[in-house]
Amino acid sequence: MVAVAEVQTAHTADLDAATLKAVRALLDDVFGGMTGQDWEHALGGVHALVWEGAELIGHASVIQRRLLNGGRALRTGYVEAVGVRADRRGRRHGAAMMDALEQVVRGAYQLGALRASDAAEAFYAARDWKLWQGPSFALTPAGITRTLEKDGCIYVLPMEVSLDLSSELVCDWRDGDPW
Ligand SMILES: CC(C)(COP(=O)(O)OP(=O)(O)OC[C@H]1O[C@@H](n2cnc3c(N)ncnc32)[C@H](O)[C@@H]1OP(=O)(O)O)[C@@H](O)C(=O)NCCC(=O)NCCS
């Protein structure tokens with residue numbers, strides 16, 4: 001019998017310590033360990049959690065960032081920490097989490113953005129996320145710095161703002177990986 005899975009959305013503030021611990025354990029498992037900074041990047045926004053009973057089998061979150069493009073500081077819903085437990089993949093849990101988070105992005109932000117792993121690029125592309133084709137940068141404490149190694153893996157969910165996907169895109173600063 002296939003267990004029924006349910007998607008819960010909640011702000012970080014509404015998740016108790018045990019749930020956050022389960023999220024961290026799932027992400028450590030999915031990504032083969034994640035840094036404290038990567039973990040911190042997934043917090044402070046809205047989480048989509050997939051539960052099979054009391055067992056957490058999927059997680060993704062969207063947090064607010066500013067991406068600079070064409071002289072604008074776009075209020076951006078940045079998707080982080082997307083993962084489904086290996087033995088539960090291919091059952092549309094990833095799609096269900098992204099449905100929930102894209103609804104948040106469309107309702108609250110000017111733009112959606114994420115950095116895709118090589119393995120997941122086609123997953124996002126099939127959902128109408130567009131590959132950013134222009135050069136990427138980060139707004140570091142030392143000034144705007146090129147992030148060449150991130151070119152070709154940043155995806156955006158365009159909405160009402162006009163975007164030239166071949167132009168420069170700059171992310172705000174944070175500890176750890178800027179994108
Ligand atoms: C990427 C991931 C979250 C997808 O979750 P999932 O539950 O297996 O995906 P779904 O079953 O919802 O798939 C939805 C659709 O995307 C497709 N798809 C899923 N993973 C895909 C991939 N890696 N590449 C291409 N297509 C993919 C499915 O075939 C399905 O297509 P359909 O709509 O034609 O049926 C999951 O594979 C995962 O956790 N991967 C490891 C961690 C990772 O790379 N996360 C992304 C970090 S940016």
Side-chain angles (χ1 to χ4, degrees), residues 1-10 12 15 19-65 67 76-106 109 111-134 136 138 147-158 165 169 171-172 174-179:
M1 203 174 95
V2 179
V4 177
E6 283 180 36
V7 181
Q8 171 197 10
T9 54
T12 307
L15 300 180
T19 302
L20 287 170
K21 199 173 163 198
V23 173
R24 177 73 194 257
L26 173 72
L27 294 173
D28 277 338
D29 179 44
V30 166
F31 295 107
M34 76 187 316
T35 66
Q37 288 161 334
D38 285 346
W39 167 240
E40 194 272 333
H41 294 166
L43 304 177
V46 176
H47 303 253
L49 306 166
V50 184
W51 295 98
E52 256 183 25
E55 236 179 315
L56 184 70
I57 59 162
H59 173 272
S61 57
V62 59
I63 50 116
Q64 178 172 322
R65 304 190 67 183
L67 296 192
T76 301
Y78 198 79
V79 173
E80 290 279 2
V82 180
V84 172
R85 208 172 78 189
D87 64 349
R88 295 295 193 275
R89 290 178 196 158
R91 299 183 186 186
R92 301 206 62 81
H93 297 319
M97 296 191 305
M98 290 304 293
D99 283 346
L101 294 190
E102 285 164 12
Q103 193 180 335
V104 173
V105 169
R106 291 183 201 284
Y109 300 106
L111 177 69
L114 58 82
R115 177 170 59 86
S117 64
D118 291 347
E121 287 190 22
F123 170 71
Y124 298 116
R127 302 187 60 81
D128 267 355
W129 288 72
K130 306 292 181 207
L131 176 65
W132 193 268
Q133 287 148 24
S136 65
T147 51
L148 187 62
E149 71 286 0
K150 299 300 185 301
D151 288 4
C153 51
I154 297 162
Y155 281 74
V156 296
L157 189 64
L165 297 178
L169 190 63
C171 67
D172 58 15
R174 61 187 189 182
D175 290 329
D177 216 335
W179 284 101

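Counting starts at 1 for both ligands and their atoms, following the listed order.
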Identify all pairs of nitrogen or oxygen atoms, one from ligand 1 and one from the protein, separated by less than 3.5 Å, and list them with distances.
{"from": "ligand 1", "atom 1": "7 (O)", "to": "Gly94", "atom 2": "N", "distance (Å)": "2.8"}
{"from": "ligand 1", "atom 1": "8 (O)", "to": "Gly90", "atom 2": "N", "distance (Å)": "2.8"}
{"from": "ligand 1", "atom 1": "11 (O)", "to": "Arg91", "atom 2": "N", "distance (Å)": "3.3"}
{"from": "ligand 1", "atom 1": "11 (O)", "to": "Arg92", "atom 2": "N", "distance (Å)": "2.8"}
{"from": "ligand 1", "atom 1": "12 (O)", "to": "Gly94", "atom 2": "N", "distance (Å)": "3.3"}
{"from": "ligand 1", "atom 1": "12 (O)", "to": "Ala95", "atom 2": "N", "distance (Å)": "2.8"}
{"from": "ligand 1", "atom 1": "23 (N)", "to": "Ala119", "atom 2": "O", "distance (Å)": "2.6"}
{"from": "ligand 1", "atom 1": "33 (O)", "to": "Arg92", "atom 2": "NH1", "distance (Å)": "2.7"}
{"from": "ligand 1", "atom 1": "35 (O)", "to": "Arg92", "atom 2": "NH1", "distance (Å)": "3.0"}
{"from": "ligand 1", "atom 1": "39 (O)", "to": "Val84", "atom 2": "N", "distance (Å)": "2.8"}
{"from": "ligand 1", "atom 1": "39 (O)", "to": "Val84", "atom 2": "O", "distance (Å)": "3.4"}
{"from": "ligand 1", "atom 1": "39 (O)", "to": "Arg89", "atom 2": "NE", "distance (Å)": "3.4"}
{"from": "ligand 1", "atom 1": "44 (O)", "to": "Ser117", "atom 2": "OG", "distance (Å)": "2.9"}
{"from": "ligand 1", "atom 1": "45 (N)", "to": "Val82", "atom 2": "O", "distance (Å)": "2.8"}

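Evaluation of the side chain to side chain contact (heavy atoms under 4.5 Å, CB included) rule for Arg92 yields Ala95 as partners, not counting sequence neighbours.
Pairs passing the ring pair (Phe, Tyr, Trp, His ring centres under 6.0 Å) check and including a residue from residues 42-63, sequence neighbours excluded, read His47-His59. Pairs passing the salt bridge (charged side-chain N to carboxylate O under 4.0 Å, His left out) check and including a residue from residues 29-45, sequence neighbours excluded, do not occur.
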Please determine whether side chain to side chain contact (heavy atoms under 4.5 Å, CB included) holds for the pair Glu102 and Val62, giving the CA-CA distance in whole Å, both sets of side-chain angles, and the decisive distance to 0.1 Å. CA-CA 9 Å; Glu102 285 164 12; Val62 59; over 6 Å; no

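Side-chain contact between Gln8 and Leu15 is present, with at least one heavy-atom pair separated by less than 4.5 Å. Side-chain atoms of Val84 and Arg91, non-hydrogen and from C-beta on, never get closer than 4.5 Å to each other.
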